[in-house]
Participant: 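Right, I'll just put the structure down here and ask away after.
In what follows, residues are counted from 1 in the order of the sequence shown. Since the structure is predicted, the reported quantities are computational estimates derived from the model, not experimental observations.
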Amino acid sequence: MQRIVKQDRSKAGAGLHLPPPRAVIGLEAEFSLIINDVRQLPEKIFGTAQKLIRHKMLPRTGRSFQLPSGGVIYFDTGVIEVATPIVELEPGCCYRATRLLWEQIHFVGEELRRWARRNKCRARLQGFSTHYNFSFQSEHASPVRDAKRLGHLLAHILPAPVMLLAANRESTAVGVRPRGKRIEVTADFTPDAALMLATCAFIAGAAGVASAWPDYDLARLEENRIPQFARFRLRKHSSRKGWRVTKQSLERDPFVSDVNAPIWKMRGGRELSLRAVAKETLKPFRASIRRVGDLETLRHIEAVFDGDARSLLDFPERPEAYDDAGHEWNWNRRRMRHWPRSAYEKVIHRVIARQPIVIGGKRYVAERMQGWYEVIFREAKTGVRRIFNLDHLAKLMARKKR
C-alpha cells in the first residue's frame with residue numbers, strides 16, 4: 001500500500017511547518033572525538049551517529065537522530081554535536097534546557113565509553129563549543145526591531161558577562177548570530193553545569209529585556225547605563241552571518257588578562273576591571289534573569305561577578321574537565337524536583353518511547369521528527385502518515401490525564 005502524508009488540519013494542529021507560536025530556547029554543544037589521545041573525525045570512525053548509539057534511534061530531518069535521553073545527536077564537520085529539544089520560554093526554562101543538555105552529554109559519553117571497551121581503546125569527548133539559542137518573539141517585530149538588529153545590540157551587551165561565566169584562558173571569542181526567527185550566542189563549551197546554567201540565564205534574561213526596548217539602537221546602552229568599552233570593534237563571525245568579540249575587538253586580550261585588574265578604558269573616561277564591567281551590565285537584567293532562571297542562579301551570577309565564586313578565567317590554565325566532558329556530572333537533585341519536565345519535554349519523551357497515541361479512534365505510532373516542532377506519525381492499521389506539532393500533542397496528553 002502506498003503511504004501518504006496528511007497534515008493535521010484540526011484547530012489544535014493548525015500552523016504546521018511554522019515555528020512554535022510561543023517563545024522557546026534550546027542549547028547545543030559540540031565535541032571533538034579523541035581516540036587513544038588522537039583527534040578523529042566521527043564521520044570516519046562511525047559513519048552515522050546510529051553506529052555510536054546502541055539503541056535504535058528515532059530519525060529526524062537530515063542526518064540527525066533523536067537520542068533515547070530526549071535530545072538530538074549528529075555529526076557536523078568533524079565534531080559530535082548534541083542538542084536539546086526546544087524548551088518553552090517560561091520560569092525555570094534555563095534550568096530545564098541546561099539539565100537537558102547535560103543529560104545528552106552524559107548519555108553520549110556513556111555510549112562512547114561502552115564503544116571504547118568493546119573496541120579495546122580509549123575514547124573521550126573534548127569540549128569545543130556551546131550555542132545558546134532563543135527565538136525572536138513576533139510581538140516585538142517592527143520596522144526598527146528584528147532579529148538582526150537585536151543580535152547586533154546583544155553583541156555589545158553580552159561579551160563581558162559571557163566571558164566571566166563561560167570562557168577560559170584558551171578561549172578566543174564570544175559570538176552572536178541572527179538566524180532567521182532566532183538568535184544564537186556562541187561561546188566555548190563550559191564543563192561546569194552550574195556555570196552553563198548561569199550563562200544561559202544571563203543570555204535569556206538580557207535578551208528578554210532588550211527585545212522589548214522601543215528600538216535596538218546602540219543609544220539604548222547608555223540610556224540603560226550599560227558600560228561600553230572605549231575601544232570596541234565587532235569582527236565578522238567565523239561561520240554564517242553574525243559578529244564575534246575577539247582579542248582584536250578590544251585594546252588587549254580579555255581571555256588572558258587579569259579579570260580583577262581595572263585595565264579597561266570605558267567611554268566616559270573610567271577604568272574598570274572585566275568583573276566590574278560584567279557587574280554593571282547585570283543591573284538592568286536582574287529581574288528578567290530571575291524569572292527565566294531562579295534566585296539561586298541569579299545569586300551565583302552575582303557571586304561570580306563579585307569575585308566570591310570562581311570564573312574559569314580565575315584559573316591559570318583551562319581546566320582538565322574540558323578534555324573528558326560528561327564523565328563526571330554533579331547536578332543538584334533538589335532543584336531537579338523544583339523544576340519538573342515541561343509540557344514539550346513530556347511529549348518528546350513519549351515520542352521517543354514510541355508510545356502510540358489514539359486520535360479519533362485511530363492508533364498512531366511515531367515515525368520521525370520533522371524539525372524541532374513537528375512529529376510524523378503513522379497510522380498502525382493503514383500506514384497513512386499524519387503530522388502533529390508539539391502543542392497539539394501536549395494538549396492531547398493533558399486531556400487524557402484529566
Side-chain angles (χ1 to χ4, degrees), residues 19-28 84 86-101 130-142 144-162 164-166 174-187 196-221 223-227 242-243 278-302 305 339 342-344 372:
R22 66 180 74 189
V24 296
I25 65 171
L27 303 186
E28 303 167 274
T84 70
I86 54 176
V87 177
E88 304 94 309
L89 188 65
E90 60 188 16
C93 63
C94 292
Y95 178 85
R96 287 174 173 139
T98 307
R99 176 184 62 191
L100 269 169
L101 186 62
T130 307
H131 303 168
Y132 303 83
N133 296 273
F134 56 93
S135 56
F136 178 72
Q137 296 169 265
S138 58
E139 62 263 30
H140 295 315
S142 76
V144 294
R145 300 196 301 185
D146 56 30
K148 183 178 180 180
R149 289 183 176 91
L150 178 59
H152 185 256
L153 179 64
L154 290 173
H156 289 75
I157 295 173
L158 297 176
V162 172
L164 264 295
L165 296 172
V174 172
V176 180
R177 303 191 298 200
R179 303 187 65 181
K181 295 296 184 181
R182 64 183 170 96
I183 296 175
E184 182 178 58
V185 178
T186 59
M196 186 181 287
L197 170 57
T199 307
C200 181
F202 189 96
I203 292 170
V209 171
S211 63
W213 288 345
D215 58 61
Y216 302 148
D217 191 87
L218 295 182
R220 297 293 169 188
L221 301 176
E223 181 181 309
N224 288 275
R225 298 183 179 181
I226 295 172
W243 309 271
K279 184 177 180 179
E280 289 191 18
T281 305
L282 171 65
K283 292 178 183 178
F285 310 120
R286 291 181 76 260
S288 179
I289 290 170
R290 182 173 179 177
R291 280 196 300 271
V292 296
D294 55 24
L295 180 58
E296 188 173 343
T297 301
L298 175 60
R299 286 174 174 168
H300 187 199
I301 293 171
E302 292 174 328
F305 293 171
W339 295 113
S342 72
Y344 282 3
W372 298 97

Participant: Do F202 and C94 have side chains that approach each other closer than 4.5 Å (heavy atoms only, starting at C-beta)?
Facilitator: no
Participant: Between M196 and T130, is there a side-chain heavy-atom distance shorter than 4.5 Å?
Facilitator: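 Answer yes - side chains close enough.
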Participant: What's the verdict on side-chain contact (heavy atoms from CB on, under 4.5 Å) for T186 and V174, showing C-alpha distance, side-chain angles and the deciding distance?
Facilitator: CA-CA 6 Å; T186 59; V174 172; over 6 Å; no
Participant: Is the shortest heavy-atom distance from the side chain of K181 to the side chain of S135 under 4.5 Å?
Facilitator: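 They are not in side-chain contact.
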Participant: Is V185 close to L154 at the side-chain level, that is, under 4.5 Å between some pair of heavy atoms?
Facilitator: no
Participant: Drop me the distance from I226's CD1 to L221's CG, to the nearest 0.5 angstrom.
Facilitator: 5.5 Å
Participant: For residues H140 and S211, determine if any side-chain heavy atom of one lies less than 4.5 Å from a side-chain heavy atom of the other.
Facilitator: yes
Participant: If I take atom CG from residue L150 and atom CD from residue Q137, how far apart are they, to the nearest 0.5 angstrom?
Facilitator: 10.0 Å
Participant: For a quick test of reading the model, state the closest non-hydrogen atom pair linking V292 to A204 and the distance between them.
Facilitator: CG2-CB, 4.1 Å
Participant: So, for L282 and I289, which heavy atoms are closest and what is the spacing to 0.1 Å?
Facilitator: CD1-CD1, 3.5 Å
Participant: Would you find a donor on one side and an acceptor on the other, under 3.5 Å apart, between the side chain of R182 and the backbone of F134?
Facilitator: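 Side chain of R182 to backbone of F134, a donor-acceptor pair under 3.5 Å: no, none is there.
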Participant: Would you say I25 and Y132 make side-chain contact, with heavy atoms under 4.5 Å?
Facilitator: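 They are not in contact (no side-chain heavy atoms under 4.5 Å apart), so the answer is no.
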